[in-house]
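Have a look at the structure below, then the notes.
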Amino acid sequence: MKKIQLLSAVNASIAGNIGADLLAAAILEKPDCLLGLATGSTPVPLYHALIAKHQAGQLDFNQVRSVNLDEYVGLKGDHPQSYRYFMNEVLFSKINIRQENTKVPDGIAADQNACCEAYESQIKAWGGIDYQLLGIGQNGHIGFNEPAAVFSRRTQVVALTASTREANKRFFDRLEDVPTHAITMGIGTIMTARKILLVCTGEQKAEILEKSLFGEIDPQVPASVLQLHRRLTVVADEAALSTIRLKHPEAF
Ligand code: F6R
């Protein structure tokens, strides 16, 4: 098996710094690069580190483009739990990226299938994703691609599993308020990215990280497909690495 590029960090904040260095290098190399971005808790330290570089005058986002992985169906971009809102608040409003160069799937599109096709066309029109940032769900999901019988192909509308809705409940008042569906880039789309950066932090992710990187490649563990990507970098903190350190000390 090919050795995975696995970078260890003492904690989530350092993992964010390492991830930000990798994305910053990609932006410096190609100022108009297309970044695939993620929401959730994991990328927040990385986004803070990118903002710090920008504020220090080291990083210019003027020509950078971005496509986000996913969005809840039914939430408008100004809904505080929408992923568009999250991206604006956490990152876009704090750097000099142009709003028109940032795309997040439209959660309230009247024709959702057309919206998915348009998203794929946009990615192609922008020349494909140069660097895709990913987090991982505790069930191994990437984007909102949940465990399934086959790996999903392109951007599509998906039903969220009970476990994902339960995990995301913390951001809503009640479980009933958590949307039941989302639009997500497909796994096929994610795999077309030239480079992938998976960031994983926290002890609660240790088992699924080990399973994803060292287990069978199985659509029941969506992130396991990443083993097939030629330029995957994993940045994880010690808590998330604990199972890998036990079972695969040779990985380091
Ligand atoms: C978010 C996304 C999800 C998250 C995953 C982990 O855009 O695509 O797959 O990366 O649910 O979420 P956190 O980081 O909150 O543990």
Side-chain angles (χ1 to χ4, degrees), residues 9 11-13 15-16 19-20 23 35-49 66-73 75 77 79-92 102-107 116 119 123 129 131-148 151-152 155-172 178-179 181-191 193 196-209 211-212 219 221-226 232 234-237 239-240:
N11 57 38
S13 161
L23 292 193
L35 300 179
L37 298 178
T39 60
S41 315
T42 310
V44 171
L46 186 157
Y47 292 154
H48 287 166
S66 72
V67 282
N68 260 78
L69 280 168
D70 42 16
E71 178 60 286
Y72 286 119
V73 169
L75 299 193
H79 187 290
Q81 297 312 333
S82 76
Y83 287 174
R84 160 55 78 182
Y85 186 91
F86 175 99
M87 290 307 301
N88 287 348
E89 286 293 302
V90 176
L91 181 65
F92 298 152
T102 69
K103 302 288 175 197
V104 180
D106 180 1
C116 293
Y119 210 65
I123 293 170
I129 299 169
Y131 218 145
Q132 177 65 55
L133 170 64
L134 295 175
I136 179 174
Q138 283 187 47
N139 61 4
H141 72 229
I142 48 175
F144 267 128
N145 297 288
E146 302 279 15
F151 289 115
S152 69
T155 302
Q156 59 188 273
V157 176
V158 291
L160 302 185
T161 62
S163 78
T164 294
R165 292 185 69 233
E166 189 61 40
N168 291 2
K169 181 179 82 176
R170 65 191 195 276
F171 301 112
F172 293 82
V178 184
H181 290 77
I183 298 180
T184 182
M185 262 187 215
I187 286 181
T189 318
I190 292 169
M191 291 294 281
I196 296 182
L197 170 61
L198 172 66
V199 181
C200 183
T201 53
E203 203 197 328
Q204 72 284 5
K205 302 277 178 73
E207 281 194 20
I208 195 64
L209 186 64
K211 209 169 166 188
S212 300
V221 183
S224 65
V225 76
L226 299 175
L232 168 71
V234 181
V235 178
D237 69 356

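The structure presented is a predicted model; accordingly, all values stated were derived computationally and were not measured. Counting starts at 1 for both ligands and their atoms, following the listed order.
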Does the R165 side chain pair with the main chain of L160, one donor and one acceptor, at a distance under 3.5 Å? no
I need the atoms of ligand 1 closer than 4.0 Å to a non-hydrogen atom of T42, numbered in the order shown. 13 (P), 14 (O), 16 (O)
Aromatic rings H141 and F144: how do their planes relate, parallel, tilted or perpendicular, breaks at 30° and 60°? tilted
Counting heavy atoms only, which of G143, A38, G135, G140 is nearest atom 3 (C) of ligand 1? G143
For atom 11 (O) of ligand 1, what is the closest protein heavy atom, and at what distance to 0.1 Å? H141 NE2, 2.7 Å
Scan side-chain atoms only and decide if T39 and R84 contain a donor-acceptor pair under the 3.5 Å cut-off. no
Within the distance-only criterion (no hydrogens, no angle test), does the side chain of N68 pair as donor or acceptor with the backbone N or O of D70 below 3.5 angstrom? no
Is there a polar contact, in the sense of an N or O pair closer than 3.5 Å, between K205 and ligand 1? yes
Classify the side-chain pair Y119/D106 by whether it contains a donor and acceptor separated by less than 3.5 Å. no
Could you tell me whether L134 approaches ligand 1 through its side chain, its backbone, both or neither, with non-hydrogen atoms closer than 4.0 Å? neither
Should the proximity of R170 to ligand 1, defined as any heavy atom under 4.0 Å, be assigned to the side chain, the backbone, both, or neither? side chain
Using a 4.0 Å heavy-atom threshold (strictly under), name the region of T39 that reaches ligand 1: side chain, backbone, both or neither. both
For atom 6 (C) of ligand 1, find the nearest protein heavy atom and state the residue, atom name and distance (0.1 Å precision). I136 O, 3.4 Å
The answer for which part of D70 has a heavy atom under 4.0 Å from ligand 1 is side chain
the protein heavy atom lying closest to atom 15 (O) of ligand 1 turns out to be S41 N, 2.8 Å
Do I129 and I190 have side chains that get closer than 4.5 Å, going by heavy atoms? no
Can you name the atoms of ligand 1, numbered from 1 with element, that are less than 4.0 Å from a heavy atom of L69? 8 (O)
Under 3.5 Å side-chain donor-acceptor pair for T164 and E146: yes
Contact between Q138 and ligand 1, counting heavy atoms under 4.0 Å? no
Is it the case that the ring center of Y72 lies less than 6.0 angstrom away from the ring center of F172? yes
